[in-house]
Amino acid sequence: MSPKRPRSPQRPQRPKRPKKRTSALPYLLALAMALVALVLVAAGVWASWDTAQHVLLSKGREHGTMTVTGCGDEVCTGRFAPEAPGAPSRTDMTIPRSVAVEKGGVYEVVVKPDTTEAVRAGLAGGLHAWLPLGGALLLAAPVLGGGLRWPRAAWASGGAGGVLLVASFLAL
C-alpha cells in the first residue's frame, strides 16, 4: 500500500461577484448634450429661414432696388424700383434696420409676397439671412467639444459659424 498523502487544505471559494453593471448616467449626459447641440442648431436654422427663404427661393418673386429714404428704430422705408419692365414702382417699402442699411443707400432686394417688406438679395443678403445660424453653430461648438467630447465636430461647427459671421461682416 502506498502511503496516503496528506490532503492539502482546500482553498475557500471566493463568493461570486455580481456582474458589473454599466451606469446609465454617462449615456444620459451624452444624450442631453446632443439634444442641446441639436436644439441650438435647429433654432439657428429656424431663425434664419424666415428671411433666407426669400433670398434662396427668389424665383417668381418681385426683384428690384430699394433706395432708403428714412429710418426708424426697427425699420427703414424707401422707394422700390422693380427690375421687371412695366411694373409700378412703390414708395411704401420697408426693410429691417440693421448695421448694413443706412439712409440714402441703394440695395438690391426681393419683396416678400403679399407684403410691402423687402429683404436684401444677392450674396450679401444671403449671408445676412444666415447670421442666426452662424451664431448657433458657434454656440454649439463648446457643447460638442466639452459635453460630447467630439473635438473635430466642435472645431468644424465653430469654424463654419465663424466663417459665416466674418463673411457676412465683410459682404455687408
Side-chain angles (χ1 to χ4, degrees), residues 30-84 87 89-172:
L31 179 66
M33 289 294 140
L35 285 174
V36 168
L38 183 66
V39 165
L40 282 170
V41 174
V45 170
W46 182 269
S48 297
W49 187 247
D50 183 44
T51 304
Q53 67 177 326
H54 302 293
V55 177
L56 296 176
L57 307 173
S58 64
K59 186 175 181 182
R61 299 182 198 261
E62 195 172 0
H63 294 262
T65 57
M66 180 176 171
T67 304
V68 177
T69 56
C71 288
D73 289 338
E74 294 183 15
V75 295
C76 293
T77 58
R79 292 185 308 272
F80 174 74
E83 283 181 0
S89 62
R90 298 188 246 174
T91 59
D92 61 343
M93 295 300 294
T94 62
I95 191 167
R97 184 177 184 160
S98 69
V99 295
V101 176
E102 58 189 28
K103 186 177 178 181
V106 179
Y107 304 103
E108 181 184 342
V109 295
V110 174
V111 179
K112 288 185 178 182
D114 301 326
T115 66
T116 59
E117 204 173 326
V119 176
R120 293 265 318 249
L123 178 64
L127 289 172
H128 183 69
W130 288 109
L131 271 176
L133 176 62
L137 288 171
L138 277 177
L139 286 173
V143 175
L144 292 172
L148 290 172
R149 308 231 187 262
W150 293 350
R152 289 182 184 152
W155 280 107
S157 174
V163 165
L164 184 57
L165 293 177
V166 169
S168 178
F169 175 76
L170 294 176
L172 294 175

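Sequence positions, counted from 1, serve as the residue numbers for this chain.
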> Is there side-chain contact between Glu117 and His54, with at least one heavy-atom pair below 4.5 Å?
Replying inline: no
>> Could you report the tightest heavy-atom contact between Gly72 and Arg97, atom names first, then the distance?
In response: O-NH1, 2.6 Å
>> Measuring only between side-chain heavy atoms, which start at C-beta, is Leu131 closer than 4.5 Å to Phe169?
In response: no
> Minimum heavy-atom separation for Pro132 to Ala129, with atom names?
Replying inline: CD-O, 3.5 Å
>> Counting only heavy atoms not in Arg79 (residues, nucleotides, ligands), do more than 12 fall under 6.0 Å from its CZ?
In response: no
> If you draw a 6.0 Å radius around CZ in Arg61, do more than 12 non-hydrogen atoms from other residues or ligands fall strictly inside?
Replying inline: yes
> Among Lys112, Met66, Gln53, His128, which one satisfies side-chain contact (heavy atoms from CB on, under 4.5 Å) with Val119?
Replying inline: Lys112
> When rounded to the nearest 0.5 angstrom, what is the spacing between CH2 in Trp130 and OG1 in Thr51?
Replying inline: 10.0 Å
> Just wondering, do Ile95 and Arg120 contact through their side chains at under 4.5 Å, heavy atoms?
Replying inline: yes
> From Leu165 CG over to Leu170 CG, what is the distance, rounded to the nearest 0.5 angstrom?
Replying inline: 11.0 Å
> For the side chain of Ser48 and the backbone of Leu133, is there at least one donor-acceptor N/O pair under 3.5 Å apart?
Replying inline: yes
> Do you know the tightest heavy-atom contact between Ala140 and Ala37?
Replying inline: CB-O, 4.4 Å
> How about Leu137 and Val41: do any of their side-chain heavy atoms sit closer than 4.5 Å?
Replying inline: yes
> Looking at Leu127 and Ala171, what are the two nearest heavy atoms and their distance?
Replying inline: CD1-CB, 3.8 Å
> Where do Glu62 and Pro82 come nearest, in terms of heavy atoms and distance?
Replying inline: OE2-CB, 4.1 Å
> Roughly how far, to the nearest 0.5 Å, is OG1 of Thr67 from CZ of Phe80?
Replying inline: 10.5 Å
> Would you say His63's side chain and Ser58's backbone share a donor-acceptor pair under 3.5 angstrom?
Replying inline: yes
> Between atom OG of Ser157 and atom CG of Leu144, what is the distance when rounded to the nearest 0.5 Å?
Replying inline: 5.5 Å
> Can you name the nearest heavy-atom pair linking Ala154 to Ala141, along with the distance?
Replying inline: CB-O, 3.2 Å
>> Please check: side-chain N/O of Thr77 versus main-chain N/O of Asp92, any donor-acceptor pairing under 3.5 Å?
In response: no
> Roughly how far, to the nearest 0.5 Å, is CH2 of Trp49 from CG of Leu57?
Replying inline: 4.5 Å
> Looking at side-chain heavy atoms only, is the closest gap between Thr116 and Met93 below 4.5 Å?
Replying inline: yes
